[in-house]
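Here is the structure we will look at.
What you see is a predicted model, and the numbers here were worked out from it, not measured in a lab. Counting starts at 1 for both ligands and their atoms, in listed order.
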Amino acid sequence: MESNQTITIQTRPSYLVHIGSGLLDRCGQLAAEALTPCRAAVVTDSNVAPLYLSRVEESLRAAGFSVCAHVFPAGEARKNLSTLSDILEFLAQEQLTRSDCVVALGGGVCGDMAGFAAGCYLRGVAYVQIPTTLLSSVDSSVGGKTAVDLRAGKNLAGLFLQPSAVVCDTDCLRTLPPLERADGTAEALKTGVLSGEELFSLFEADDITPHLSEIVGRCIAFKGSVVEQDPLDNGLRRTLNLGHTAGHAIEKCSGYALHHGHAVAAGLAIIARAAEALGWAEEPCAARICAALRRHGLPTGTEYAPAALAQAALADKKRRGGSISLVVPRKIGKCEMVTVPVGDLERIFAAGWEDR
Ligand code: GLY
């Protein structure tokens with residue numbers, strides 16, 4: 001039986017991340033430790049609502065919050081301005097004031113939509129994150145990045161707003177469909193490559209289920225330390241994008257049919273192999289990374305050719321004029337930014353490319 005843990009994220013303002021079993025039924029009490037009980041608008045989607053909404057509402061009410069809920073249709077395709085507009089209209093209809101709060105219940109799309117709405121409704125109200133997927137638990141629920149997709153691309157409109165609290169009930173992670181579990185595993189494994197052996201080696205076992213709490217805790221502790229140093233993503237925080245330059249390109253080439261975590265897994269494998277082939281690595285680690293990815297049902301290659309990936313990466317947010325910064329694994333626990341001319345991208349992707 002793993003014990004619950006609480007991690008403090010020392011941003012301004014600071015907040016607590018609670019991780020453990022049975023926390024959905026305590027989310028009201030934990031939210032009330034961060035916020036004076038007020039009107040709470042729970043924002044969730046049509047997949048999550050039937051599973052967890054009533055428990056969250058009940059816990060919030062028991063802690064003194066008055067609760068309303070908005071459920072939007074589930075799916076990545078709903079992460080757009082129209083859904084955002086519906087949420088904002090709902091908050092206004094419910095007459096939320098600046099002393100009230102939003103509660104994001106669900107995966108990354110819910111967190112992004114609810115966080116963005118909280119950040120712009122009345123120029124900003126507080127919000128609490130209750131992640132229910134592995135991906136949102138290990139990454140997006142912490143750090144305050146929120147965004148929606150525009151027709152021109154993914155995550156092109158957004159804002160930074162740190163949550164007031166994060167409540168991660170690890171029981172939700174034990175029943176995820178395999179595809180969703182694998183998606184989150186990719187981001188967590190990526191954090192292992194960034195942070196070091198203690199986390200990375202957990203993915204060298206066949207089954208991570210017994211270690212879910214430890215994995216979430218280690219990922220959040222690592223991400224928190226990075227976000228504390230660079231909350232607005234001006235430097236160090238960009239290293240969290242390990243695997244994402246090729247990953248985003250793969251996602252784009254697939255017309256976003258491939259899940260984000262699966263694309264990141266292939267992107268991570270490509271840059272790890274490229275780092276060795278191009279002499280950037282201090283110690284070989286690509287074979288270990290690829291073996292761990294495969295063990296958890298994740299791809300280590302792609303059918304999209306290096307030229308197509310390089311073309312897709314030109315629109316990447318990480319591009320600055322004629323150059324782009326890649327996060328390169330030197331060894332497990334040491335990754336650094338390398339800035340290259342965009343014209344070199346195809347050669348770099350080719351150095352690490354493998355078919356699926
Ligand atoms: N997901 C990367 C970040 O929050 O910066």
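Screening Asn4, Ile7, Leu212 against Ile19 for a side-chain contact (heavy atoms from CB on, under 4.5 Å) leaves a single residue, Ile7. The residue from Ile130, Thr132, Leu23 that alone fulfils the side-chain contact (heavy atoms from CB on, under 4.5 Å) condition with Cys172 is Thr132. Among Leu173, Thr209, Thr170, Leu199, the single residue meeting the side-chain contact (heavy atoms from CB on, under 4.5 Å) criterion with Ile215 is Leu199.
Sparse packing is recorded around CD of Glu58, with 12 or fewer heavy atoms of other residues, nucleotides or ligands lying under 6.0 Å away. Summarising the local packing, NE2 of His18 is surrounded by more than 12 heavy atoms from other residues, nucleotides or ligands at distances under 6.0 Å.
Protein residues with any heavy atom under 4.0 Å from ligand 1: Asp139, Lys145, Lys223, Arg237, Leu240.
Relative ring orientation between His248 and His260 is described as tilted, the plane-to-plane angle lying within the 30° to 60° band.
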